[in-house]
Amino acid sequence: MRFEQKYYQIFLAVILILFANQPFMGTSYEGLLFTLQPIVVICCFIYLLYLLLLGELPRIIFLLCFMCLFIFCLSAVMAHLNYEQPIIYGLLKQRYYLNVFICSTIYILLIKKYLTLRDVKLALDLISIILLMYFMYNHIFSDPINFVLSENKDIKLLGIYKEGFGIKFKFDRFVIAYLYFSFLYEVLKNPINKIGYIIFSLIFFYIFFLEKGRTFNFVIIYTSIIILFLEKEYRKLKLISFTSIPLICYLYSIGFFEPFIDAFKVVLTGEFGLDSSSNVRIETFTIALNEMKTGFNWLFGMGNLSNNYHDGFRTFYNHFFPVDIGIFGGMFLYGLLGFLLYYLPIMFLSVKCLFKFTSVENKFIKVLLYLLLYNVLYIQQSEVYFRSMNLILILLIIRYYSRYENKYKR
């Protein structure tokens, strides 16, 4: 009976995390899981509403839900006013923010002891490992010709083919970052664990040789360096520095860093360069800035457009993706009001949690703090606006630990 109960708890944690963070985005199962998503959201909403009526809903949950519902409605209204998009399209486009009900439910189930931190950790581990294997399989064995010729929507969801670059997959990076920092902790704290080193090397190989996301790789590296400083692993830091010098010199000699240097020049000077993706960001920023100067758009934002409404922003601005310009893209969508009432509170809570870094000894919470640091530093993509449920779930788990478990102890 005890085994069955634990199995049920882990299964429940898997379901809730799977739909809260949506790590299945970019996989061939995206359509099916998106169809089931509303059922989970509605069930969690009813549960939270029940607790609210009983007066048992924690204040932090009420505030988070209010913030997300505010963004949810503000964007739909402003998109209707600025682009005449039907309100229902705007609400459907922003349905990701309703996942706050699922994150909140996880927090409350932890408080009520229906779930434990161990259940949540095992669920995250299970989801991450399965998806890593799925991602690696597709990276290694997918035939590029299928992405060029096929009209199959499931294949198009996986990625797009770019001539000269191969297949650019759309796999979610949250679970990969979680696994990376889990085994980074293992390597730092248990250096004799050979299996930990092997798995860490496997994840490292995936990130830097298969995934190869330029910004993603860069953020992973400097987050790792900051972690080594915070953990006072000075010997490992020196060893990495000395062993990296020959590799850096070799990569520089073959022109590996030229695209990076050119991209930084484009961003810093605002002048077009050789890097096409950076040039597009300059164009996107210019369009967004001009739109925000009109009327009260700087205050309320322009709203987010659904791809089902005249092909989204593409109809109005050609190639235009607000996520490409990070924080400013979020302000384009939600204005200064969204920045003050949504972005700043989440960033404040994140930084506040990071101050607990050196006081925490629990392994799982320490890994979540690593992951939180990575998300905060991933400012170019502005995780707070475009993948905020990752941050909200981490923050709620850390808050639960600090308030309800043995404070800062294993």
Side-chain angles (χ1 to χ4, degrees), residues 8-51 61 64-76 79 85-110 114-115 119-120 123-124 126-128 130-131 134-135 153-159 169-176 178 303-309 312 323 333 342 383-397:
Y8 162 76
Q9 289 174 305
I10 295 169
F11 177 75
L12 177 62
V14 167
I15 293 297
L16 291 174
I17 292 171
L18 197 63
F19 287 100
N21 290 80
Q22 299 178 344
F24 51 79
M25 288 180 68
T27 72
S28 54
Y29 303 100
E30 181 178 313
L32 172 63
L33 291 168
F34 266 145
T35 304
L36 299 174
Q37 182 88 13
I39 299 172
V40 181
V41 170
I42 291 169
C43 289
C44 291
F45 171 73
I46 293 171
Y47 177 60
L48 295 177
L49 184 61
Y50 171 72
L51 292 177
I61 297 302
L64 280 173
C65 290
F66 172 79
M67 287 160 50
C68 290
L69 286 173
F70 171 77
I71 289 291
F72 176 71
C73 297
L74 175 68
S75 174
Q85 175 180 255
I87 293 287
I88 186 63
Y89 279 25
L91 294 176
L92 289 172
K93 175 65 177 178
Q94 295 293 111
R95 64 188 180 276
Y96 171 75
Y97 286 94
L98 297 181
N99 290 356
V100 70
F101 299 141
I102 307 177
C103 295
S104 300
T105 299
I106 294 172
Y107 177 73
I108 291 170
L109 292 178
L110 283 169
Y114 293 121
L115 290 178
D119 297 328
V120 175
L124 264 174
L126 186 63
I127 292 169
S128 301
I130 290 173
L131 284 174
Y134 177 84
F135 294 168
K153 288 185 178 180
D154 288 341
I155 289 181
K156 296 296 183 183
L157 281 171
L158 281 171
F169 286 96
K170 302 174 183 177
F171 296 144
D172 183 73
R173 290 168 174 171
F174 173 80
V175 292
I176 302 304
Y178 169 75
N304 207 350
L305 291 185
S306 169
N307 290 331
N308 294 320
Y309 176 70
V323 68
L333 296 176
Y342 188 76
E383 295 288 286
V384 178
Y385 280 122
F386 301 105
R387 296 292 296 160
S388 56
M389 291 308 127
N390 294 340
L391 274 170
I392 287 174
L393 181 60
I394 294 170
L395 289 171
L396 287 176
I397 294 172

_Distance-only side-chain donor-acceptor flag, Ser75 / Tyr97, under 3.5 Å_ = no
When rounded to the nearest 0.5 angstrom, what distance separates [atom1] in [X] from [atom2] in [Y]?
{"X": "Ile61", "Y": "Thr105", "atom1": "CD1", "atom2": "OG1", "answer": "8.5 Å"}
{"X": "Ile106", "Y": "Ile397", "atom1": "CD1", "atom2": "CD1", "answer": "6.5 Å"}
{"X": "Ile392", "Y": "Ser104", "atom1": "CD1", "atom2": "OG", "answer": "7.5 Å"}
{"X": "Asn304", "Y": "Leu74", "atom1": "CG", "atom2": "CG", "answer": "11.0 Å"}
{"X": "Leu33", "Y": "Gln22", "atom1": "CG", "atom2": "CD", "answer": "9.0 Å"}
{"X": "Lys93", "Y": "Gln85", "atom1": "NZ", "atom2": "CD", "answer": "9.0 Å"}

Sub-4.5 Å side-chain heavy-atom contact between [X] and [Y]:
{"X": "Val100", "Y": "Leu69", "value": "no"}
{"X": "Tyr134", "Y": "Ile130", "value": "no"}
{"X": "Arg173", "Y": "Asn390", "value": "no"}
{"X": "Ile127", "Y": "Tyr178", "value": "no"}
{"X": "Ser306", "Y": "Leu92", "value": "no"}
{"X": "Val14", "Y": "Leu124", "value": "no"}
{"X": "Cys68", "Y": "Met389", "value": "yes"}
{"X": "Leu109", "Y": "Leu16", "value": "yes"}

_Over 12 foreign heavy atoms within 6.0 Å of OH, Tyr114_ = no
*Does Phe34 CZ have over 12 foreign heavy atoms under 6.0 Å away?*
yes
*Applying side chain to side chain contact (heavy atoms under 4.5 Å, CB included), run through Gln37 and Leu98 and close with a yes or a no.*
CA-CA 10 Å; Gln37 182 88 13; Leu98 297 181; over 6 Å; no
_Just to verify, which of Ile15, Ile17, Asn21 counts as forming a side chain to side chain contact (heavy atoms under 4.5 Å, CB included) with Phe19?_
Ile15
*Where is the tightest heavy-atom contact between Ala13 and Asp119, given as atom of each residue plus distance?*
CB-O, 3.8 Å
*asked:* Measuring centre to centre across the rings, with the benzene-like ring taken for any Trp, is Phe45 within less than 6.0 Å of Phe101?
replied: yes
